[in-house]
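Just so it is clear: chains get the letters A, B, ... in the order the sequence lines come, proteins before strands, and each one is counted from 1.
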Number of protein chains: 2
Amino acid sequence: MPDIENYRCTVAVTLDVIGGKWKSLILWHLSFKTLRFSQLQRRLAKVTQKMLTQQLRELEADGLVHREVYAEVPPRVEYSLTELGQSVVPILELMCQWGKEYLEVSSGEEVPSCQVG
Amino acid sequence: MPDIENYRCTVAVTLDVIGGKWKSLILWHLSFKTLRFSQLQRRLAKVTQKMLTQQLRELEADGLVHREVYAEVPPRVEYSLTELGQSVVPILELMCQWGKEYLEVSSGEEVPSCQVG
DNA sequence: CAGTATCCTAGCTGATACTG
DNA sequence: CAGTATCAGCTAGGATACTG
């Protein structure tokens, strides 16, 4: 759907898709395993229910995340990465590595790998 | 300065540093050449003077951008990437490539490389 | 559990004016 | 030129309450 004419460079395209406040983090956590809404919320810790819902809907509309609803009581909804969603993981891996090194030079101490999954 | 305890994963660290609304784009444009304030503003097109100033100050404080002031009339201020700033460029290159491919699959046509520099 | 709905505030934009 | 300052207006985001 994006209009090419609107973009001076394709970095801006990527930012429109994964640059939302919580999107990268959501994708990162989903890259390890399929998660339910409440599991995602716990992992993000500071996100509000409203924002998590909103960002997930946008990721779904952009084709990065798949939403699977199970007709159960209590209801269960699982989120996973689509193939397109998987394709952004290399970007996130670089971000993870860069953040680790940034912390290490600014703190002077060894920093553990990301605590996720 | 970031407090390790605040982060569950280092992707969040990176997002704190380059996740600002205009920061990735600023770094991307500076990765090609040193730019003056007005040049940056033209390349970003939609950024307000206030936000550009603010984001540049934060990037400077985080050590990614160097600000060189020349004592001339009219004044000239040039922004460039520090070594730390250079180290985020691989992330931006991946973003550029991903955005290009995303546009191509969603539009069905060939998309030019980023128009920058 | 996985969301809506509502209200309210913080942050961004746009326009304009001013300064070293 | 490269900012700073101010103010109106909008929208992103937060807090809280409620629901299938």
Could you give the [atom1]-to-[atom2] distance, from [X] to [N], as a whole number of Å?
X: B:Lys50; N: C:dC18; atom1: NZ; atom2: P; answer: 19 Å
X: A:Leu40; N: C:dA2; atom1: CG; atom2: C1'; answer: 12 Å
X: B:Gln39; N: D:dG3; atom1: CD; atom2: P; answer: 13 Å
X: B:Gln41; N: D:dA2; atom1: CD; atom2: C1'; answer: 9 Å
X: A:Arg76; N: C:dA2; atom1: CZ; atom2: C1'; answer: 13 Å
X: B:Leu35; N: D:dC1; atom1: CG; atom2: P; answer: 15 Å
X: B:Leu44; N: C:dT13; atom1: CG; atom2: P; answer: 10 Å
X: A:Glu78; N: C:dG3; atom1: CD; atom2: P; answer: 12 Å

Below 4.0 Å: OP1/OP2 of [N] and any side-chain N or O of [X]:
X: B:Arg36; N: D:dA2; result: yes
X: B:Thr53; N: D:dG3; result: no
X: B:Lys21; N: C:dT13; result: yes
X: B:Trp22; N: C:dG11; result: no
X: B:Gln54; N: C:dC12; result: yes
X: A:Ser38; N: C:dC1; result: no

Gap between atom [atom2] of [Y] and atom [atom1] of [X] - 0.5 Å precision:
X: B:Asp62; Y: B:Arg57; atom1: CG; atom2: CZ; value: 13.5 Å
X: A:Thr48; Y: A:Leu52; atom1: OG1; atom2: CG; value: 8.0 Å
X: B:Arg43; Y: A:Cys9; atom1: CZ; atom2: SG; value: 11.5 Å
X: A:Tyr102; Y: B:Thr14; atom1: OH; atom2: OG1; value: 10.0 Å
X: A:Leu64; Y: A:Ile18; atom1: CG; atom2: CD1; value: 8.0 Å
X: B:Thr53; Y: B:Met51; atom1: OG1; atom2: CE; value: 10.0 Å

Give, ordered by number, those residues of residues 55-68 of chain B having at least one heavy-atom distance below 4.0 Å to an atom of DNA chain D; if nothing qualifies, reply none.
B:Arg57, B:Arg67
From [options], nucleotide with atom closest to [X] side chain:
X: A:Met51; options: C:dG20, D:dG14, C:dT4; value: D:dG14
X: A:Tyr79; options: C:dG3, D:dC1, D:dG20; value: C:dG3
X: A:Gln49; options: C:dA2, D:dA2, D:dG13; value: C:dA2

Can you pull the side chain to side chain donor-acceptor pair (under 3.5 Å) pairs that have at least one residue in residues 67-77 of chain A, sequence neighbours excluded?
A:His66-A:Glu68, A:Arg67-A:Tyr79, A:Tyr70-A:Glu78, A:Glu72-A:Arg76, A:Arg76-A:Glu78
Using a heavy-atom cut-off of 4.0 Å across all strands, would you classify B:Tyr70 as base, sugar-phosphate, or nothing?
nothing
Note down the inter-axis angle between the two ends of the helix from C:dC1-D:dG20 to C:dG20-D:dC1, five pairs each, to the nearest 10°.
50°
Shared hydrophobic cluster for B:Phe32 and A:Val13 (ILVMFWY, side-chain gaps under 4.5 Å)
yes
Looking only at the side chains, is there a donor atom on one of B:Glu101 and B:Gln97 sitting less than 3.5 Å from an acceptor on the other?
yes
Please examine the side chains of A:Val65 and A:Leu81, heavy atoms only from C-beta on, and report whether any two atoms are closer than 4.5 Å.
yes
